[in-house]
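Accompanying notes for the structure given below.
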Amino acid sequence: MISSRLMKYLPIAFSISVTVALAAGLTGTEQKIVQAVDAGLADSNALLERLVNINSGTLNPAGVRQVADVLRPEFEALGFQVRWIPMDAVHRAGHLVAERKGTHGKRVLLIGHMDTVFELASPFQKYQPQSDGNAMGPGSSDMKGGLMVILNSLKALNSAGALDGTSITVFLTGDEEKPGEPLAISRGDLVEAGKQHDAALEFESGTRSGGREYATIARRSSSSWTLRATGNTGHSSGVFGAGVGSGAIYELARILSAFHDQLREPDLTYNVSVALGGSTLDYNAAENTGSASGKTNIIPDKAVASGDIRAISTEQQERTREKMRQIVAAHLPGTKAEITFQEGYPAMPATEGNQRLLATLNEANRDLNLENLEALPPGRRGAGDVSFVAPYLDALSGLGALGRNAHIAGETIDLARQPIQMKRTAVLIYRLTR
């Protein structure tokens with residue numbers, strides 16, 4: 001039986017045993033880094049609450065800039081040179097970039113975003129602690145929790161003197177959830193940063209499912225298409241007849257049905273988001289909204305549909321687009337149709353370099369006595385900013401906070417997982433930059 005005098009020391013002993021277990025495979029410097037993560041956790045959680053309480057919906061540029069203003073001195077205190085890249089040209093707030101330039105190890109690019117899907121009109125606005133130790137709030141896991149993983153990892157490295165001599169850039173976009181167009185402008189600076197680095201780590205939300213945890217070494221592209229069909233109009237009694245034909249809606253339906261049946265292949269999806277047709281049609285391509293009307297006794301002469309394509313490679317995307325063009329060209333009698341494609345996020349294939357980067361992360365996990373991260377199937381993750389730099393370096397994504405209900409009211413963050421994400425990130429950055 002343990003005396004009451006000894007009982008008060010058990011929490012301390014337990015804490016020490018956990019720290020020793022976590023640090024079993026680490027160097028002395030890495031052990032200091034791990035301990036610094038724990039020491040900075042309370043401040044990190046307090047800053048997270050402050051950031052979540054700032055509305056930074058993509059279309060609220062003032063709020064995005066306010067998040068940047070909070071983060072700037074945090075990075076400057078770590079010896080980073082910080083600059084703001086305005087994005088007025090694409091009607092977005094801008095990007096925050098913090099840089100350290102050194103002489104040894106890999107040049108590492110850390111990617112995140114400051115905006116959320118929750119605009120000023122959303123009723124979901126405030127950070128709320130939960131009884132289970134988690135927290136609820138807009139953008140808490142996607143991805144203000146990821147911003148804290150980046151920042152506290154860097155603070156831990158700095159406390160151990162491990163930032164000295166490193167080349168690390170933090171690139172935080174202000175419009176990831178609804179990027180400004182053209183993308184050549186809104187992502188041009190990110191692409192140039194990618195060309196100057198050797199490895200990229202992106203801190204979008206982590207993924208845990210069925211007791212297994214995942215990282216992302218491949219992401220599918222995301223681009224859109226618009227389909228327009230026209231036909232002859234007339235009294236409905238003459239539909240299908242010579243000189244009249246099938247009408248625009250039948251032509252649109254033929255094409256969409258063929259897409260559904262003929263385009264399928266692994267890792268490819270193609271969705272129809274809106275379809276309209278009638279004798280009158282008003283379609284706003286920028287907002288993807290519209291209206292149509294007609295009469296039952298009139299053959300409709302106008303129809304439109306739009307959707308997206310998500311492909312695992314540029315080759316798959318282009319192959320799919322060509323099949324779509326061929327389907328569109330096989331017109332029904334008395335109709336015409338055309339399809340146009342709009343560029344979006346590129347694909348991030350699962351390269352050997354990405355696989356090696358995941359292996360390096362899992363070496364750190366092993367030495368921390370943490371579970372390995374498996375490669376997430378690309379169909380389970382959307383497009384992301386890391387894809388713009390993936391052609392130029394090795395890349396890994398999904399290293400940010402874990403949580404639930406991203407993008408909807410009730411989004412949560414698992415605060416207990418934050419120090420784990422921070423420790424594996426800090427040790428990985430340390431090893432990459434030696």
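All values derive from a computational prediction rather than experimental measurement.
- Here ring-ring contact (aromatic ring centres under 6.0 Å, His included) pairs that include residues 105-141, with residues two or more places apart or in two chains, are F118-F124.
- Listed by first then second residue, pairs satisfying side-chain hydrogen bond (donor to acceptor under 3.5 Å, both in side chains) with a partner in residues 77-91 read R83-E99, not counting sequence neighbours.
- Applying the salt bridge (Lys or Arg N to Asp or Glu O under 4.0 Å) test to E30 and every residue at least two apart in sequence or in another chain returns R431.
- Take T173 and apply the side chain to side chain donor-acceptor pair (under 3.5 Å) test, not counting sequence neighbours, and it matches D385.
- Looking at E318 and R321, a side-chain N of the basic residue comes within less than 4.0 Å of a carboxylate O on the acidic one, giving a salt bridge.
- Ring geometry for H95 versus F171: interplanar angle of 30 to 60°, hence tilted.
- Residues meeting the side chain to side chain contact (heavy atoms under 4.5 Å, CB included) test with L393, sequence neighbours left out: H197, A200, V389, A395.
- Under the ring-ring contact (aromatic ring centres under 6.0 Å, His included) criterion, no residue pair touches residues 27-55, with sequence neighbours excluded.
- Salt-bridge formation is detected for the pair R310/D308: a Lys NZ or Arg NE/NH1/NH2 atom is positioned less than 4.0 Å from an Asp or Glu carboxylate oxygen.
- Residues satisfying the salt bridge (Lys or Arg N to Asp or Glu O under 4.0 Å) test with E338, not counting sequence neighbours, are none.
- Between the side chains of S293 and T280, at least one donor-acceptor pair of N or O atoms lies under 3.5 Å.
- Looking at R212, R366, R208 one by one, the single match for salt bridge (charged side-chain N to carboxylate O under 4.0 Å, His left out) with E371 turns out to be R208.
- Here S279 pairs with nothing under the side chain to side chain donor-acceptor pair (under 3.5 Å) rule; sequence neighbours left out.
- Using a 4.0 Å cut-off between a side-chain N of Lys or Arg and a carboxylate O of Asp or Glu, E315 and R319 do not qualify as a salt bridge.
- Residues meeting the side chain to side chain donor-acceptor pair (under 3.5 Å) test with D394, sequence neighbours left out: none.
- Here N372 pairs with nothing under the side chain to side chain donor-acceptor pair (under 3.5 Å) rule; sequence neighbours left out.
- In summary, the side chains of S306 and S273 do present a donor paired with an acceptor at a separation below 3.5 Å, with no hydrogens or angles considered.
- For D43, the side chain to side chain contact (heavy atoms under 4.5 Å, CB included) test picks out no residue, with sequence neighbours left out.
- The closest side-chain donor-acceptor pair between N55 and Q125 falls under 3.5 angstrom.
- Between E202 and R219 there is a salt bridge, since at least one side-chain N of the basic residue sits less than 4.0 Å from a carboxylate O of the acidic one.
- At a threshold of 4.0 Å, the pair K302-D282 does not count as salt-bridged, since none of the basic side-chain nitrogens sits closer than that to a carboxylate oxygen.
- Applying the ring-ring contact (aromatic ring centres under 6.0 Å, His included) test to pairs two or more places apart or on separate chains, those with a residue in residues 383-434 are Y345-F388.
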